[in-house]
Peer 1: 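Take a look at this one; I'll ask things after.
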Amino acid sequence: MPLMGFVQQIGTGALVTIQVAVLAYLLALLIGTLFALATLKRRLVVNIAWQTYASIFTGVPSLLVAFLFYYAGSGIISSVLSLAGLNVTIDISPFMAAVAALGMVYGAYLADLIRSAIQNVPPGQFEATKVLLIPRPAAWVLVILPQVLRLALPGMTNMWIVVLKDTALISLIGLKEIMAYAKLASGVTKEPFIYYLLASAFFLGMTALTYFVSQRIEQWTRRGYRPVAVKGPAHAL
Amino acid sequence: MHYDFKLAWESMPALLAGTATTFTVLLPVLVLGLLVALPVALARLDSGPKSVAAAGYIAFFRGVPSLVLLYLVYSGLPQLSIVRDTFLWTFFSNAYVCAWVGLTLTHSGYMAEIIRGGLAAVPSGTIEAAAALGLSPRQVLFRLRLPMAARYVLKAYQNELLIMVKSTSAVSAITLVDLTAAANTVFDYTYDPFTPLVTAAAIYWCIINVMRIGFTLADQKLNRHLVRN
């Protein structure tokens with residue numbers, strides 16, 4: 001059955017899509033966290049570097065960044081390394097280019113999100129960790145980070161869906177993911193409608209799954225959190 | 001790897017033609033997206049089956065990548081005989097029309113949600129006051145709710161608009177030569193990927209930042225009554 005054959009291939013493509021999206025998102029989280037922590041205090045050099053980075057990567061389509069990394073990436077890397085006296089050539093696969101492009105573009109967006117979440121953690125929490133003599137690494141990981149997660153989670157969920165959907169666009173650099181296989185299948189079978197609907201169903205399913213999982217995580221991050229002022233009825237009755 | 005200024009200058013006409021295509025795709029999508037989003041947002045604010053249908057519309061078109069929609073319209077629709085054999089074919093055989101339709105669906109999904117949020121944020125006391133003063137529901141909508149909502153959603157609209165500018169790079173998948181595709185064409189002819197792609201990136205950067213400045217000015221004008229800290 002040819003139809004089942006293509007469904008299997010689309011499944012393989014869907015796995016590649018998920019791999020690229022997950023790796024790109026982890027890279028974006030890493031870049032975003034580093035920039036968020038580095039720009040918490042006003043330091044001129046770091047801030048200029050951050051502003052330049054953010055301006056470039058939020059002002060250019062991710063597809064163009066991916067094209068640049070894919071076609072010119074190995075040239076850029078070898079010319080940077082030749083400055084250090086090394087003569088290496090690295091082949092860039094579409095997979096690497098896609099992960100790097102999406103990670104760097106959405107790292108710029110996530111940095112803003114994470115920084116404002118850190119800034120919205122009440123200052124008393126930082127002061128309390130100091131008073132209680134909690135070592136700084138433990139204070140960040142055990143006290144601040146869970147609260148940052150609670151504040152940043154809705155934005156991070158949206159960003160994950162954006163990254164996942166952008167992975168479809170990145171297939172244009174030659175990545176063999178779900179869109180590439182859907183296109184292949186519709187070219188061979190002359191049934192484009194069904195295969196593209198299948199791809200839509202995959203993305204809708206992933207979105208639904210994301211909301212389901214994020215609700216669970218949100219509940220988990222909200223454990224032990226109660227608003228200080230409980231809103232009762234405004235009138236006396 | 002170095003930036004070749006001579007090549008950048010020589011490829012400028014091709015890149016500017018690509019920029020023109022990008023805008024030819026973008027501008028009708030912005031207008032059509034707004035026109036489609038408004039009734040969807042109003043239906044979403046209503047109750048009953050209309051609201052459920054609008055919620056489905058928003059969820060579907062926000063959940064599906066724009067590239068999938070472009071492929072669905074460009075190569076999926078001609079499979080249907082109602083498109084292939086009627087007057088509709090004169091429209092859908094044109095890649096521009098497909099790009100407009102595909103991107104409008106995405107844009108209207110996001111815009112409907114933005115407009116709904118803006119309309120819901122208008123204080124109910126204001127609307128009640130207008131009704132008490134004898135304004136018709138149509139007047140309340142066009143004279144009061146929409147102008148107020150426009151101010152509330154300015155920031156969200158800026159984000160969405162900038163995302164749309166960047167989304168237009170997907171139309172190269174359906175044979176249109178936009179700015180991204182034009183840069184790739186120059187690369188195909190010259191085997192220099194760095195120069196045309198960086199030049200195209202610079203053009204995108206300028207477009208995005210001119211829009212950002214425009215929104216900042218609009219925000220200063222429209223929201224000048226708000227206290228700033």
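Because only heavy atoms are used, hydrogens play no part in the values below, and waters and symmetry mates are left out as well, while side chains stay in. Sequence lines set the chain letters: A, B, ... in the order given, protein chains first and strands last, and positions in each chain run from 1. Since we're looking at a predicted model, the values are computed, not measured.
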Peer 1: Would you give the length of the straight line joining atom CG of A/Leu29 to atom CD1 of A/Ile114, rounded to the nearest 0.5 angstrom?
Peer 2: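 CD1 of A/Ile114 is found 5.5 Å from CG of A/Leu29.
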Peer 1: Decide yes or no on side chain to side chain contact (heavy atoms under 4.5 Å, CB included) for A/Lys176 and A/Val16, but give the supporting numbers first.
Peer 2: CA-CA 7 Å; A/Lys176 288 275 165 226; A/Val16 176; 5.8 Å; no
Peer 1: Using non-hydrogen atoms only, which part of B/Ile208 is less than 4.5 Å away from chain A: side chain, backbone, both, or neither?
Peer 2: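 Looking at B/Ile208, just its side chain touches chain A.
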Peer 1: Run the side chain to side chain contact (heavy atoms under 4.5 Å, CB included) test on A/Met156 and A/Tyr25 for me, step by step, so that the C-alpha distance in whole Å, both residues' side-chain angles and the decisive distance to 0.1 Å come before the verdict.
Peer 2: CA-CA 10 Å; A/Met156 280 166 60; A/Tyr25 193 73; 3.3 Å; yes
Peer 1: Could you tell me whether the side chain of A/Met96 reaches within less than 4.5 Å of the side chain of A/Phe69, counting heavy atoms only?
Peer 2: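 A/Phe69 vs A/Met96: side chains apart.
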Peer 1: Quick one: are A/Val121 and A/Phe126 in side-chain contact, heavy atoms under 4.5 Å?
Peer 2: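 A side-chain contact under 4.5 Å exists here.
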Peer 1: Specify which of B/Ala202, B/Pro78, B/Ala201, B/Ala59 makes the most heavy-atom pairs with chain A at under 4.5 Å.
Peer 2: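 Heavy-atom pairs under 4.5 Å are most numerous for B/Ala201.
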Peer 1: For chain B, find which of A/Leu164, A/Val162, A/Leu64 contributes the most heavy-atom pairs closer than 4.5 angstrom.
Peer 2: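 Top option by heavy-atom pairs under 4.5 Å: A/Leu64.
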Peer 1: Kindly compute the distance separating CD1 (A/Ile173) from CZ (A/Phe95), expressed to the nearest 0.5 Å.
Peer 2: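 The CD1 atom of A/Ile173 sits 11.0 Å away from the CZ atom of A/Phe95.
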Peer 1: Is chain B contacted by the side chain of A/Ile178, its backbone, both, or neither, given a heavy-atom distance below 4.5 Å?
Peer 2: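 Neither; nothing under 4.5 Å.
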Peer 1: Distance-only criterion, 3.5 Å: which donor-acceptor pairs connect chain A and chain B?
Peer 2:
residue	atom	partner	partner atom	Å
A/Ser55	O	B/Trp205	NE1	3.2
A/Ser55	OG	B/Trp205	NE1	2.7
A/Thr58	O	B/Lys166	NZ	2.7
A/Thr58	OG1	B/Arg212	NH2	3.1
A/Tyr109	OH	B/Lys166	NZ	2.6
A/Lys165	NZ	B/Arg62	O	2.6
A/Lys165	NZ	B/Tyr110	OH	2.8
A/Glu191	OE1	B/Gln79	NE2	2.9
A/Phe193	N	B/Gln79	OE1	2.9

Peer 1: CD1/A/Ile170 to CZ/A/Phe67 distance, rounded to the nearest 0.5 angstrom?
Peer 2: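 Result: 8.5 Å between the selected atoms.
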Peer 1: Where does B/Ile203 contact chain A at under 4.5 Å (heavy atoms): side chain, backbone, both or neither?
Peer 2: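 Looking at B/Ile203, nothing touches chain A.
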Peer 1: Heavy-atom distance under 4.5 Å to chain B: side chain of A/Ile161, backbone, both or neither?
Peer 2: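 Answer is neither: A/Ile161 stays 4.5 Å or more from chain B.
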Peer 1: Considering only heavy atoms and a distance below 4.5 Å, find which of A/Ile56, A/Leu197, A/Leu172 pairs most often with chain B.
Peer 2: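 If we count pairs closer than 4.5 Å to chain B, A/Leu172 comes out on top.
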Peer 1: Using the side chain to side chain contact (heavy atoms under 4.5 Å, CB included) rule, take A/Ile76 and B/Phe194 through it: C-alpha gap first, then chi angles, then the decisive distance, then the call.
Peer 2: CA-CA 9 Å; A/Ile76 294 171; B/Phe194 192 67; 3.8 Å; yes
Peer 1: State, yes or no, whether a side-chain contact exists between A/Val65 and A/Phe57 at a heavy-atom distance under 4.5 Å.
Peer 2: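 Of all side-chain heavy-atom pairs linking A/Phe57 with A/Val65, at least one is under 4.5 Å.
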Peer 1: Give the intermediate values and the outcome of side chain to side chain contact (heavy atoms under 4.5 Å, CB included) for residues B/Phe215 and B/Leu162.
Peer 2: CA-CA 11 Å; B/Phe215 269 100; B/Leu162 298 188; 5.6 Å; no
Peer 1: Checking heavy atoms, do the side chain of B/Phe60, its backbone, both or neither come under 4.5 Å from chain A?
Peer 2: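 When you check distances to chain A, atoms from both the backbone and side chain of B/Phe60 fall under 4.5 Å.
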